[in-house]
Each structure stands twice: as structure tokens, then as C-alpha cells.
Amino acid sequence: MEVRHELNTHAVEDWHWWYSGRRRILHEVLAALPVAQPWRVLDAGCGSGRNLVELARYGTVTGLEPAAASLAAARARGVGEVVEGGLDAPVPLPDDSFDVATCLDVVEHLDDDRFALRELRRLVRPGGRLVVTVPCYQALWSQHDVVNRHRRRYSRRTLLAAARDAGWAPERTTHFNALLLPAAAAARGLERLRPPRDPGASDLDRTPRALNAVLERPLRAEARLIGAGRRLPAGLSLLAVLR
């Protein structure tokens, strides 16, 4: 992603509704995994390391991050080991190093998502799990994707096809951020008719902080549903648990 957006992410991820909501959903999914704790956990594409703080409750954590500013921020947190590297090249870690890996909104940035998923398959021990989140629906492609340097958006079919090609067995999927899907679709359509004034702005820049608590409430409700084993059939994001 662009450096401007990378640093903006660091500034807001502690309180922004999107990040806090995704953390709630991730916790519900991880708590239900049939993998004995404590775990050896990898967060691949860990950014500033904010999720390492949450993941540490499950065991020992390792972050993997290629971007210099994010790498420095993650190491400064002092939570687990943070390794320099990305999923577009062989990861400098041994086979079968982890019980569980997370890869949250990362593979859409990569030219070869299957290579990345194969590397994660190598790093996770047999019987372990990978939790992946990605943005949904190529039809919703927008300036936000351009700023974030996404290569694609996914459907359930395309994500699971990539996972299977890389040797993973899909175990569970669910969409999330469902309530905002109609509004996002309308906004994307409007953007095509009238391009944004600031082409370098992302959706993070356009969300008023005053609406933060209101926007987080639907994700709280979705987290409870997902934690109860429900599968949401549509939403702006997709989560998959792979075995």
C-alpha cells in the first residue's frame, strides 16, 4: 500500500470501527478452533503488530512483515518475534513452525496469491489452521483498492479455489460487514460517475470519527452470530478457516 495509507492505518487501528470489529470477529473464530492451546501463532503481514497483541492470548506469537515502517512499529510493541519478509518470496522460517496462522487482508495485495498460500501451508503444521480475510466482489473495485494497491477482490469461489490449489482444505467460510454492503455498492457506483476529489484518499480517510461507535455496532452483532457458528451469506469482507 502507499506509505501515506500505511501510516494512516497505524494512527487509527486502535480505535477505528473496521479494525476493532474485525478483531472481535477474529477472536470469535479463533476461540472455536479445534486446536489444542497454547498455540504457536503466525500473523503473516502483521502490519504495525496490533493484532499480535490480541493473538498473544493464545500462545507464542510471530509476525511477518515486509514494509519498513510497519516492521519498525511492530517490533517496537515488544510482542513476540517480528520477522522481516513477505509472502511473495520464500519465508525465512522452518516448515511446520506454527499451529495456527492468520493472514488478514493481505493476499489481495500479492501478484501470486497461490504462492503465498503454499508458503503458509508449508509453515503450518499438519492439523493446523489458517484464518484468512479478504475484501469481496470485484464489481466493487474502487479508488480504495487502488490506494491500497490491491491486485483483486474475491468471491467465495475464487478464494477457495486458490486455497485448494495451494493444498488447503476449506473448513469454514463466512462473509462479514454485511450491513454496509448496499451503501458501499451505491458509493462505488457514484464514484464511477464522479471521481473523488482526492484520488489518494481511502475509505479510512472518508469515515467521520463521530460515526465510529455507530458503525462498529453491526460488526459486534456479526461477531456474536459468527461466534455462535452462523455463516453470513454476503458482506464486504470474507473470512475462511482452512485446514
Side-chain angles (χ1 to χ4, degrees), residues 9-10 12-39 41-59 61 63 77 79 99-108 128-137 140 144 148 153-156 159-160 163 170-185 202-204 206-243:
T9 297
H10 296 179
V12 306
E13 60 188 344
D14 275 333
W15 58 265
H16 193 279
W17 64 272
W18 157 246
Y19 292 102
S20 57
R22 188 181 64 178
R23 287 193 293 269
R24 288 179 183 276
I25 290 168
L26 178 64
H27 170 66
E28 294 290 348
V29 169
L30 292 176
L33 291 184
V35 182
Q37 296 184 27
W39 300 335
V41 186
L42 172 69
D43 188 21
C46 69
S48 77
R50 180 61 181 82
N51 290 322
L52 295 176
V53 178
E54 310 295 329
L55 293 170
R57 74 177 72 179
Y58 299 101
V61 293
R77 291 184 187 275
V79 181
D99 304 296
V100 173
T102 59
C103 190
L104 308 177
D105 293 274
V106 172
V107 295
E108 68 272 14
R129 300 298 193 279
L130 169 65
V131 180
V132 180
T133 61
V134 293
C136 279
Y137 311 126
L140 294 183
H144 177 76
N148 280 275
R153 299 177 72 94
Y154 286 86
S155 65
R156 182 175 182 273
L159 178 60
L160 294 189
E171 190 167 79
R172 179 186 184 187
T173 64
T174 182
H175 289 79
F176 63 97
N177 203 7
L179 186 64
L180 290 181
L181 178 58
S202 76
D203 289 351
L204 290 180
R206 300 185 181 114
T207 304
R209 187 164 183 172
L211 295 178
N212 195 69
V214 174
L215 292 170
E216 189 184 355
R217 284 174 194 154
L219 287 177
R220 287 174 178 258
E222 291 181 7
R224 290 193 292 271
L225 289 171
I226 291 168
R230 300 287 296 275
R231 175 176 172 266
L232 304 183
L236 284 169
S237 292
L238 177 65
L239 179 147
V241 177
L242 308 174
R243 175 172 47 81

Tell me, do Trp17 and Asn177 make a side-chain contact under 4.5 Å, heavy atoms counted?
yes
Any side-chain heavy atom of Asp105 within less than 4.5 Å of one from Trp18?
yes
Side chain to side chain contact (heavy atoms under 4.5 Å, CB included) with Arg24: which residues, sequence neighbours excluded?
Glu216, Arg220, Ala223
Main-chain N/O of Trp15 paired with Asn212 side-chain donor or acceptor, under 3.5 Å
yes
Listed pairs under 3.5 Å, donor-acceptor, residues 231-243 side chains, sequence neighbours left out:
residue, atom, partner, partner atom, Å
Arg231, NE, Thr173, OG1, 3.4
Arg243, NE, Glu171, OE2, 3.3

Could you tell me which non-hydrogen atom of Ala36 sits nearest to which non-hydrogen atom of Trp39, and how far apart they are?
O-CD1, 3.0 Å
So which heavy atom on Leu140 is nearest to which on Ala185, and how close?
CD2-CA, 3.7 Å
Which heavy atom in Arg77 sits nearest to a heavy atom in Ser48, and how many Å separate them?
NE-O, 2.7 Å
Sidechain-backbone polar pair: Glu54 side chain, His27 backbone, donor-acceptor under 3.5 Å:
no
From Tyr137 OH over to Leu181 CG, what is the distance, rounded to the nearest 0.5 angstrom?
5.5 Å
Value rounded to 0.5 Å, distance of NE2 in His175 from CD1 in Ile226:
11.0 Å
Heavy atoms of Ala56 and Val79 approach each other most closely as CB-CG1, 4.1 Å
Could you tell me whether the side chain of Arg22 reaches within less than 4.5 Å of the side chain of Leu219, counting heavy atoms only?
no
Once you round to the nearest 0.5 Å, how far does CZ of Arg224 lie from CZ of Arg230?
13.0 Å
If you measure from CD on Glu222 to OG1 on Thr174, what distance do you get to the nearest 0.5 Å?
8.0 Å
Hey, are the side chains of Val61 and Asn51 touching, using non-hydrogen atoms and a 4.5 Å cut-off?
no
Closest non-hydrogen atoms of Glu108 and Thr133, given as atom of the first, atom of the second and distance, are OE1-O, 4.1 Å
So Leu55 and Val100, do their side chains get closer than 4.5 Å, heavy atoms only?
no
Interatomic distance, CG@Leu52 vs CG@Leu42, rounded to 0.5 Å, equals 9.0 Å
Side-chain donor/acceptor of Gln37 to backbone N/O of Gly59, under 3.5 Å
no
I'd like to know if the side chain of Arg129 reaches the main chain of Pro34, judged simply by a donor and an acceptor atom lying under 3.5 Å from each other, with no hydrogens or angles considered.
no
Glu13 versus Tyr19, closest heavy-atom pair with distance:
O-CB, 3.5 Å
In sequence, state the C-alpha distance, the side-chain angles, and the governing distance for Asp14 and Arg50, and then conclude on side chain to side chain contact (heavy atoms under 4.5 Å, CB included).
CA-CA 8 Å; Asp14 275 333; Arg50 180 61 181 82; 2.5 Å; yes
